Amino acid sequence: MAHCYHLPGAADASVGDELEITGSEAHHAVVARARPGEQLLVTSGDGVIAGVTVVSVDRKRVSVRVDSTERFEQRTPRVTLVQALAKTDRAEVGIAAATELGADAIVPWQASRSVSQWRGDKAERGVEKWRSAVTEAAKQSVRPFVPIVHPLMTTGDVCAMNEQLVVLHPEASSGIDAVPVDRDLALVVGPEGGVSAEERAQFAAAGAIEVKLGPEVLRTSTAGLAALAALSPALGRWHRG
């Protein structure tokens, strides 16, 4: 598989055009020892993947020629991961893997039991860090769309979302089969301490569905991944054997 780089300019490129990969992406290409004549992939992040050939390489830029372009449509229904803030880098690991598994959008959620607290400038820095993690994961998995990372949300903000809320909870009475696959979904994953009783009540009042994934209690960094994987066949994203 050819290396993939994020290049917004690819969205409007035509076959034969020459583009420049610059900044951190050029640095990555240099570290990966890109050479003239090598074939790469570039993704615009908003629906276009282009096959390119390296024309020239220096320390600050990589010039490429466009050989082919393909435009993709957004998949429906869309799946958003509402990920509670977690200590250390667990949430960040989770959203990167969720990107590889097909999440269409990511919401950082300030849950009442979140050990990590984003306030003031820390919220802006946290969102940017998540966006960087998601962009890198989208390149690694050669995704035509980079998932949107929304600003930090409170429980009230999450309850006001238009998607069908699906709260993952180990004490739920319904399984993953109870999740409707004919509408946009928002999978809600709690922090290390779990979703509080007050939050469960708020979500229920907003029409949320509670589901459990199995007898095991999963980490906050893996629960959303398990749900995405379990739902992908029913959503038509993964082939059913």
Side-chain angles (χ1 to χ4, degrees), residues 73-86 90-91 94-95 97-99 101-118 123 126-127 130-131 134 145-238 240:
E73 297 297 324
Q74 283 275 16
R75 294 179 297 194
T76 56
R78 290 171 56 80
V79 181
T80 296
L81 175 64
V82 179
Q83 176 65 59
L85 303 187
R90 286 180 182 170
I95 63 167
T99 299
L101 287 169
D104 299 296
I106 307 289
V107 170
W109 170 37
Q110 187 71 71
S112 64
R113 293 177 175 172
S114 288
V115 174
S116 178
Q117 299 286 316
W118 287 3
V127 169
W130 281 29
R131 285 175 178 156
V134 161
F145 292 93
V146 175
I148 297 168
V149 178
H150 292 277
L152 180 67
M153 289 192 186
T154 64
T155 301
D157 295 330
V158 175
C159 287
M161 292 174 64
N162 293 324
E163 294 87 344
Q164 171 63 61
L165 298 176
V166 179
V167 179
L168 306 181
H169 199 281
E171 296 176 5
S173 57
S174 299
I176 198 73
D177 290 344
V179 177
V181 292
D182 60 348
R183 68 195 72 172
D184 291 344
L185 304 172
L187 305 177
V188 181
V189 179
E192 291 91 340
V195 181
S196 71
E198 293 79 10
E199 289 166 338
R200 292 177 72 183
Q202 283 181 267
F203 289 135
I209 300 169
E210 276 195 352
V211 300
K212 66 184 300 182
L213 295 169
E216 297 81 11
V217 177
L218 302 181
R219 288 179 179 269
T220 184
S221 57
T222 55
L225 311 183
L228 280 165
L231 288 169
S232 286
L235 289 167
R237 298 185 173 202
W238 288 3
R240 296 176 180 270

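In this text, all values refer to a predicted model and were calculated from it rather than measured experimentally.
Residue Asp182 qualifies as enclosed at atom CG: its count of foreign heavy atoms under 6.0 Å is above 12.
Here the straight-line distance linking atom CG of Leu152 with atom CH2 of Trp130 works out to 8.5 Å at 0.5 Å rounding. Atom CG of Leu165 is separated from atom SG of Cys159 by 6.5 Å, given to the nearest 0.5 angstrom. The structure places CH2 of Trp238 at 8.5 Å from CG of Leu228, a figure rounded to the nearest 0.5 Å. Distance check: Ile176 CD1 to Leu231 CG gives 4.0 Å after rounding to the nearest 0.5 Å. The distance from the CZ atom of Arg183 to the OG1 atom of Thr76 is 14.0 Å, given to the nearest 0.5 Å. One finds the OG1 atom of Thr155 at 4.0 Å from the CD atom of Glu199 (value rounded to the nearest 0.5 Å).
Looking at every heavy atom in both residues, Ser174 comes nearest to Ala178 through CB-CB, 3.8 Å. In plain terms, the two heavy atoms of Ala86 and Ser116 that are nearest each other are O-CB, 3.6 Å. A pairwise comparison of heavy atoms in Ala223 and Leu218 identifies CA-CD1, 3.9 Å as the closest pair. Between Val181 and Pro77, the shortest heavy-atom contact is O-CG, 3.5 Å. The minimum heavy-atom distance between Pro147 and Ala103, with the atom names listed, is CG-O, 3.2 Å. When all heavy atoms are compared, the tightest approach of Arg113 to Pro191 is C-CG, 3.7 Å.
When the side-chain hydrogen bond (donor to acceptor under 3.5 Å, both in side chains) test is applied to Arg237, the partners found at least two apart in sequence or on another chain are Asp104. The salt bridge (Lys or Arg N to Asp or Glu O under 4.0 Å) check on Arg200 picks up Glu171, Glu210, with sequence neighbours excluded. Partners of Arg78 by side-chain hydrogen bond (donor to acceptor under 3.5 Å, both in side chains), not counting sequence neighbours, listed by chain and number: Gln74. Contacts of Asp157 classified as side-chain hydrogen bond (donor to acceptor under 3.5 Å, both in side chains), with partners at least two apart in sequence or in another chain: Thr154. Evaluation of the salt bridge (Lys or Arg N to Asp or Glu O under 4.0 Å) rule for Glu198 yields no partner, not counting sequence neighbours.
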Full working for side-chain contact (heavy atoms from CB on, under 4.5 Å) between Val146 and Val134: CA-CA 7 Å; Val146 175; Val134 161; 3.8 Å; yes
Given Thr80 and Met161, is the side-chain contact (heavy atoms from CB on, under 4.5 Å) satisfied, shown in steps? CA-CA 10 Å; Thr80 296; Met161 292 174 64; 4.1 Å; yes
Determine, step by step, whether Leu185 and Glu163 satisfy the side-chain contact (heavy atoms from CB on, under 4.5 Å) criterion, reporting the C-alpha distance in whole Å, the side-chain angles of both residues, the deciding distance to 0.1 Å, and the verdict. CA-CA 5 Å; Leu185 304 172; Glu163 294 87 344; 5.7 Å; no
Let me see the working for Val79 and Asp184 under side-chain contact (heavy atoms from CB on, under 4.5 Å), right down to the final yes or no. CA-CA 6 Å; Val79 181; Asp184 291 344; over 6 Å; no
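Without hydrogens or angle criteria, Ser114 side chain to Gln110 main chain gives no donor-acceptor distance under 3.5 Å. The main-chain N or O of Glu192 is never found under 3.5 Å from a side-chain atom of Arg90 such that the two would form a donor-acceptor pair.
Among pairs with a residue in residues 211-223, those fulfilling side chain to side chain donor-acceptor pair (under 3.5 Å) read Gln83-Thr220, at least two apart in sequence or across chains.
Ring-centre distance between Trp109 and Trp118: not below the 6.0 Å cut-off.
The one candidate from Val189, Val188, Val158, Ile209 that meets the side chain to side chain contact (heavy atoms under 4.5 Å, CB included) condition with Val167 is Val188. Paired with Val82 under the rule side chain to side chain contact (heavy atoms under 4.5 Å, CB included), one option of Leu187, Val107, Ile106 passes, and it is Val107.
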